[in-house]
Every structure is written in structure tokens, then in C-alpha cells.
Amino acid sequence: MLIFPNAKINLGLQITEKLSNGYHAINSCLYPIPLKDALEFVPAKKKTAFNSSGSSIPSDGKDNLVIRAYKLLKKDFHLPELNIHLHKNIPTGAGLGGGSSDAAFMLKALSDYYQLFLDDSFLESYAAQLGSDCPFFIQNKPALASGTGTELEPCNVNLSGYHLVLIHPGLHISTKEAYAGTTPKEPEHQLKEILEKADISTWRETLVNDFEESIFKKQPILAEIKAELYEQGAIYAAMSGSGSSLFGIYKEQPPIIKAFSQKFFYRTMSL
Ligand SMILES: C[C@](O)(CO)[C@H](O)COP(=O)(O)OP(=O)(O)OC[C@H]1O[C@@H](n2ccc(N)nc2=O)[C@H](O)[C@@H]1O
Ligand SMILES: Nc1ncnc2c1ncn2[C@@H]1O[C@H](COP(=O)(O)OP(=O)(O)OP(=O)(O)O)[C@@H](O)[C@H]1O
């Protein structure tokens, strides 16, 4: 079976409280974008084997999230051994949810391929065990995430027809460290109101990623990239997730920003 896990961007990210378990309560809209990995698996005659190609995956000392997703289902359902290949296109540690997406797509694909007939809420409960961003990729539609990010409700925001510029300057930011550097606070604006009622031209003033303040202080290049995205005509620009990717949303296909396209991961896509 061959599948194409896509990435996400965050539209707004409000960090509202530090929880007793060390996690943080957030409000954020997760929005799918057409930047994809490729993931293939076939039944194996011998023990399960995993290999990957494309961009590198820094080891975090644990199994790859694809394997962790497979083991999670195998524990509860009788699944055969597999040969698995993952081709990475989505930069890691980039705030794009690439690993989370790979894991969620693996759960969905195994349920389909082996006819487990697991519904979305069941799959989301498995995904939540793999990471805060994982459940979103089960339904993979614009969603308002709250709690630690695993509580999802549909978000009626539609960016079809707009163009996106995505820049990853190659800074791998640990999500854990990013959260540790923030100061939780009550949000000034209701995310749902901004996204579902306010015109996109107002987002620049109200749609904030709370990670930016602390991360931009440590990595000023990120603030420079965001400013240049606006300089080039973005209606809205921000860092995605805990970074370090930045994105700009444009009405028309924007010019290539050569200063960045020649040295960073740089993609433009239609939404
Ligand atoms: C920044 C976001 O990507 C926004 O979409 C997510 O909140 C993070 O999702 P993720 O990368 O799947 O994060 P996880 O792998 O679940 O958690 C990594 C680490 O980030 C911190 N973490 C994560 C989520 C959260 N709501 N509060 C946290 O403090 C915890 O220290 C956790 O150990
Ligand atoms: N299939 C995978 N793809 C990418 N990273 C993986 C994968 N499996 C495990 N990882 C580990 O998970 C870490 C985070 O991966 P992921 O790409 O989800 O985070 P991210 O890009 O920072 O997205 P976000 O911050 O939005 O969650 C990587 O640094 C890597 O060590």
C-alpha cells in the first residue's frame, strides 16, 4: 500500500496554561497543506523491516513514529510482519507535523489494508498516544485544537485559491524546549472568531503564534524571514507550530524570494 502523509501549518497558536503534567494548554487551528512524504508497506516473509530515504530524520532514541504506530495496532490486532519504506519530503523539527502525519497515516492505512474497520474516533485515540499533533491527521481537515492539542473540533476556514510560501531555514527546534521558553497567558482574541468571522486581512494584527516572541529572540533570522514575507506582499505570515518553518499566504502567486530560495528549504504551493 502506498500513501502520502501531508504536513500542516498552525493558524494562530495560543499557549494559555502550564498543566500539572508538564504539558501546556493551547488553542490553535491546524490546517493541512499539500507538502507530502511517501510511505509504502507490503507484507514481509520475515521480521518487519523499516527503511527511509529523502531528508534525514534525527534520531530521538525512540522507534520511528511509523513503527510506533504499527506496533500500537499490532499489540491489539493480529497484524503480519511488514516491509516498510518511508520517503521524507517534509522537513523534521520544522513545526510541520511531519512525523505526526506519518504515524496517523500509517494507522489509517493499516486499518484500511487489513480491514480492521476502525472509525476515526477510535483511530484518534490511538494517535493521541503517539503525539499531540497526531489525532489531527486522522480526519486531516482544518480543525481547532485545544487542551494539549488533541481535542479537535472542525474549523470553518477555507484558504482554497490562496498561495502559500513555506520556508524552513534548517533550524531544528525541540518542541519541548520551545514550550519551556514560553509564558502562558489568557488570549486577547477568540481564535474561532478570528478565523471564521474576521477577514483574512485582519489576521496580521490578531492571529498570533505565542512561540514567536521567545523563539524570534533566540533566532532573529526567523523574524527577518517573516518580515520579508510581508514585504513581498503576504496577506498573513507566521511561524508554524514550534518552528522553525515560516509561511506566507498570498492572493496571487508571489515572486520567488531568491535570498531565501537559494539557501533554505523553500516551497510555493496553491492551497
Ligand atoms: C507545537 C505543536 O506542534 C502545535 O501544533 C504541538 O503542540 C506539539 O505537538 P507534537 O510535536 O506532537 O508534541 P509532542 O510530541 O506531543 O510533545 C513534545 C513535547 O512538547 C511539550 N508539549 C507538547 C504539547 C503540548 N500541548 N504541551 C507541551 O508542553 C512536552 O514537553 C512534550 O514532551
Ligand atoms: N517519521 C518521522 N518523521 C519525522 N520525524 C520523526 C519520524 N519519526 C520520529 N521522528 C522524530 O520526531 C521528531 C519530531 O518530528 P515531527 O516532524 O513530527 O515534528 P515537527 O516537524 O517539529 O512538527 P511539530 O513541531 O509541528 O510537531 C523528529 O525530530 C524525529 O526525531
Side-chain angles (χ1 to χ4, degrees), residues 6-15 26-36 55 89-98 142 155 157-173 175 178 181-183 185 187-189 191 193-271:
N6 57 267
K8 57 81 181 166
I9 53 173
N10 292 77
L11 299 174
L13 203 161
Q14 301 170 339
I15 303 170
I26 66 166
N27 300 310
S28 184
C29 174
L30 280 72
Y31 196 94
I33 61 168
L35 173 67
K36 301 178 180 178
S55 53
N89 236 347
I90 302 168
T92 59
L96 299 173
C155 184
V157 59
N158 182 354
L159 295 174
S160 306
Y162 286 95
H163 297 266
L164 189 85
V165 173
L166 184 69
I167 299 173
H168 179 234
L171 301 169
H172 185 114
I173 295 180
T175 304
T182 63
T183 309
K185 60 185 191 305
E188 282 172 51
H189 304 277
L191 209 48
E193 299 297 308
I194 301 170
L195 294 165
E196 296 191 345
K197 296 209 171 65
D199 186 82
I200 189 169
S201 59
T202 66
W203 290 6
R204 182 171 185 171
E205 306 313 320
T206 57
L207 199 60
V208 180
N209 177 338
D210 284 350
F211 281 111
E212 287 187 3
E213 186 181 347
S214 53
I215 290 189
F216 283 11
K217 277 197 190 108
K218 289 185 192 147
Q219 305 286 1
I221 179 68
L222 302 182
E224 287 167 36
I225 295 172
K226 178 177 170 179
E228 186 58 26
L229 286 167
Y230 273 121
E231 200 55 38
Q232 296 290 333
I235 306 166
Y236 179 68
M239 182 171 77
S240 182
S242 52
S244 61
S245 296
L246 293 126
F247 64 87
I249 298 172
Y250 296 80
K251 266 213 176 67
E252 308 300 333
Q253 175 74 39
I256 301 283
I257 310 172
K258 284 217 168 22
F260 301 140
S261 67
Q262 288 168 348
K263 62 178 175 179
F264 296 141
F265 176 96
Y266 187 102
R267 297 290 184 277
T268 60
M269 58 198 87
S270 302
L271 295 178

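Only heavy atoms go into these numbers, but all of them, side chains included; no hydrogens, no water, no symmetry mates.
Contact of the Val165 side chain with the Phe260 side chain is not registered, since no non-hydrogen atoms from C-beta on lie closer than 4.5 Å. The shortest side-chain heavy-atom distance between Met269 and Pro34 falls under the 4.5 Å cut-off. Counting heavy atoms from C-beta outward, Thr202 and Leu207 have side chains that stay 4.5 Å or more apart. You'll find the side chain of Gln232 reaches within 4.5 Å of the side chain of Glu228, heavy atoms only.
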**Study point:** Asn6 and Ile33: CA distance, side-chain angles, deciding distance, side chain to side chain contact (heavy atoms under 4.5 Å, CB included) verdict
**Key:** CA-CA 6 Å; Asn6 57 267; Ile33 61 168; over 6 Å; no

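Looking only at atom types and distance, the side chain of Ser244 has a donor-acceptor partner in the side chain of His168 under 3.5 Å away.
Nearest approach of Gly12 to Leu191, heavy atoms of both residues: CA-CD1, 4.2 Å. Smallest separation of non-hydrogen atoms from Pro169 and Leu222: CG-CD2, 3.4 Å. Of all heavy-atom pairs between Tyr236 and Val208, the closest is OH-N, 4.4 Å. Minimum interatomic distance between Val157 and Cys29 (heavy atoms only, all atoms of both residues): CG1-SG, 4.0 Å. Taking every heavy atom of both residues into account, Leu229 and Ala237 meet most closely at CB-CB, 4.0 Å. When all heavy atoms of Ile235 and Tyr162 are compared, the pair lying nearest together is CD1-CE2, 3.4 Å.
Separation of atoms CG (Leu11) and CG (Leu159) is listed at 6.0 Å; rounding is to 0.5 Å. Interatomic distance, Leu164 CG to Phe247 CZ, rounded to the nearest 0.5 Å: 7.0 Å. Taking CG from Leu246 and OG from Ser240, the interatomic distance works out to 9.0 Å, rounded to the nearest 0.5 Å. Atom-to-atom distance recorded for Ile26:CD1 and Leu13:CG is 5.0 Å, nearest 0.5 angstrom. Of the inter-residue distances, the one linking Ile167 atom CD1 with Ile257 atom CD1 reads 4.5 Å to the nearest 0.5 angstrom. We find the OG1-NE2 distance between Thr206 and His189 to be 5.5 Å, quoted to the nearest 0.5 Å.
Residue pairs meeting the side-chain hydrogen bond (donor to acceptor under 3.5 Å, both in side chains) criterion with at least one partner in residues 245-271, sequence neighbours excluded, are His163-Gln253. Within the structure, every pair that satisfies the side-chain hydrogen bond (donor to acceptor under 3.5 Å, both in side chains) test and touches residues 27-36, not counting sequence neighbours, is listed here: Asn10-Ser28, Gln14-Asn27.
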Name each donor-acceptor pair under 3.5 Å that joins a side chain in residues 193-200 to protein atoms two or more places apart or in another chain, with its distance.
residue	atom	partner	partner atom	Å
Glu196	OE1	Lys192	NZ	3.3
Glu196	OE2	Asn156	N	2.7
Glu196	OE2	Lys192	NZ	3.3
Asp199	OD2	Ser201	N	2.8
Asp199	OD2	Ser201	OG	2.5

Would you list the atom pairs, donor with acceptor, under 3.5 Å between side chains in residues 209-219 and any protein atom, with sequence neighbours excluded?
residue	atom	partner	partner atom	Å
Asn209	OD1	Phe211	N	2.8
Asn209	ND2	Met239	O	2.9
Asn209	ND2	Gly241	O	2.9
Asp210	OD1	Lys185	NZ	3.2
Asp210	OD2	Ile15	N	2.8
Glu212	OE1	Lys226	NZ	2.6
Glu212	OE2	Met239	N	2.8
Ser214	OG	Phe211	O	3.2

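For Thr175, the side-chain hydrogen bond (donor to acceptor under 3.5 Å, both in side chains) partners at least two apart in sequence or on another chain are Ser242.
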